[in-house]
Amino acid sequence: MDLIEEILRAGEKQADEVEVYISEAESVSADLKRTHVETASGSKGFGIGIRVIAGGRIGVSSTGSPRDWRACLDAACASARLAHPQEWGGLPSPAALPPVPPIRDPRVALDPAWARNVLEEMLEGAGEHDAAVTGGSASASQSRIRIANTSGVLYEQERTSVGCSIECINERSTGYEFDASPYLEIDPRRTGERAAFFAEHGAVGEEIESGNYDLVLSPVALTQLLSHVLEPALSGRNVHAGRSWLAGKLGEECIGENLSIMDDPSRKAPGSTRFDAEGVPARRITFFDGGVLEAYAYDLRTAYRYGQESSGSAVRGGPGGAPSIGIHTLVIDGRRDTVDDDPAVYVHDLIGAHTANPITGDFSVELSNASWVADGEFETPVRSAMFAGNVFDLLSSVAAIDRDERIVGTAVLPRVRLNSQHIIGK
């Protein structure tokens, strides 16, 4: 009997419902120490996550060994007996899944020679500027997840992933860049060139006076703020618990009217998926339409508790633990334009974004790899400065959205131009 079928049949004798989540992954990677390959490694991973529901009580357990599934099932049932009961409407039944781009690239091979070539290409790119390489990495992976439950769901999804990163230094100025994709479409040479450029460029940085300036946030900087503030604020769990600035504001204009923000699992990106981590069909969710708050994100547990419908927003970091509310592919849209023709301070990276307050949206960060830009060109670099504000006010100050986009993590974001933001300089 198939392992999943065996777990489900054994589990339904002990609980009302059973869900099984199995992940398998294999990867290769290589790391640089300065300009030499220091390590190369390969790994395989396997995990089973079991969730049981009995009388509205939910129990979860996981194991990394297929031979230990019975003990894992028993542990899930034991934790359910200790849990408080909640409103529960059942695990999902099979449904038609939406079409999405394949996220498995058959060209991705787990070949150490590929990783070495990527490192060499990054080093060649870094050699175009006056900066020393301090470290870097390249990796490729293949993975497969399966989710099944006692209501008849049995979905499977395969994905691939490739990535590279590199860090350079010139005196006290550092530059870091990365590239990642589900497809064999990364550009290692440009990644190395950009990291070395930022290190070289920042070495001759100048101080900036405190004051109000127009800013251009890179997709990297924008992602850092949104992931720590906006994504938690859209979680239905946080909304109903009163831990979100967006609570009670459905139908209100909460950000700039020129902005729409959505979760689009159909995009060609790492988060592309046909179903969420509970087997609910994934779908596009428009959170903000022209600045107006239209929706929150729900998983099954939160939806049942608060009388809502799951938005297919359950995600998992792996087989361990229970599903939680997340966003598959965060996308920002609006009227596209150029963002760096007129003078502005370009911010490539932020330091300290993780300290942003997820409830109020307030943040205070240090600018990293900042520089004046004009006519699309980098000009005088900015030595150091602080940037404090509120993420929701920031999203109301977006004056232009770039035509180009970049994949950062599971988000696909453009550069944005912000009007009159206060920077604390010398």
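The chain is numbered in sequence order, starting from 1.
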I'd like to check the ring-ring contact (aromatic ring centres under 6.0 Å, His included) partners of Y213; sequence neighbours left out, ordered by chain and number. W372

Do NZ/NE/NH1/NH2 and the carboxylate oxygens of R316 and E19 come within less than 4.0 Å? yes

Quick one: ring-ring contact (aromatic ring centres under 6.0 Å, His included) partners of F363, sequence neighbours excluded? F387

Show me the side-chain donor-acceptor pairs of residues 277-288 shorter than 3.5 Å, one per line, residues at least two apart or across chains.
from	atom 1	to	atom 2	distance (Å)
E278	OE1	L300	N	2.9
E278	OE2	R51	NH1	3.1
E278	OE2	R51	NH2	2.9

Considering residues at least two apart in sequence or located in another chain, which fulfil the side chain to side chain contact (heavy atoms under 4.5 Å, CB included) criterion with T134? E167, I169

May I have all residue pairs that pass ring pair (Phe, Tyr, Trp, His ring centres under 6.0 Å) and include part of residues 254-280, sequence neighbours excluded? Y155-F275

Using residues 406-415 as the side-chain source, report each donor-acceptor pair under 3.5 Å to any protein atom, sequence neighbours left out, with the distance given to one decimal.
from	atom 1	to	atom 2	distance (Å)
R406	NH1	E177	OE2	3.2
R406	NH2	E177	OE1	2.9
R406	NH2	F178	O	2.8
R415	NE	D402	OD2	2.9
R415	NH1	D340	OD2	3.1
R415	NH2	D340	OD2	3.3
R415	NH2	D402	OD2	3.1

Summary of ring pair (Phe, Tyr, Trp, His ring centres under 6.0 Å) pairs that have at least one residue in residues 233-272, sequence neighbours excluded: H240-Y298, H240-Y306, W245-F392

Can you pull the salt bridge (charged side-chain N to carboxylate O under 4.0 Å, His left out) pairs that have at least one residue in residues 119-138, sequence neighbours excluded? R116-E120, E124-R189, E128-R189

Between side-chain atoms of residues 221-234 and protein atoms elsewhere (two or more places apart, or another chain), which donor-acceptor pairs fall under 3.5 Å?
from	atom 1	to	atom 2	distance (Å)
T223	OG1	P219	O	2.6
Q224	OE1	L350	N	3.1
Q224	NE2	D349	OD1	2.7
S227	OG	T223	O	2.9
S227	OG	Q224	O	3.3
H228	ND1	Q224	O	2.7

Restricting to pairs with a member in residues 131-142, which pass salt bridge (charged side-chain N to carboxylate O under 4.0 Å, His left out), not counting sequence neighbours? none

Looking at E257, I want to see if its CD is surrounded by more than 12 non-hydrogen atoms of other residues, nucleotides or ligands under 6.0 Å. no

Name the orientation class of the two ring planes belonging to F198 and Y346 (parallel below 30°, tilted from 30 to 60°, perpendicular beyond 60°). parallel

Rounded distance (nearest 0.5 Å) linking atom NE2 of H328 with atom CG of D276: 5.0 Å

Under the side chain to side chain contact (heavy atoms under 4.5 Å, CB included) test, which residues partner S364, sequence neighbours left out? M386, A388

For D299, is there an ion pair with R301 - N to carboxylate O distance below 4.0 angstrom? no

Salt bridge (charged side-chain N to carboxylate O under 4.0 Å, His left out): which pairs involve residues 370-387, sequence neighbours left out? E207-R383

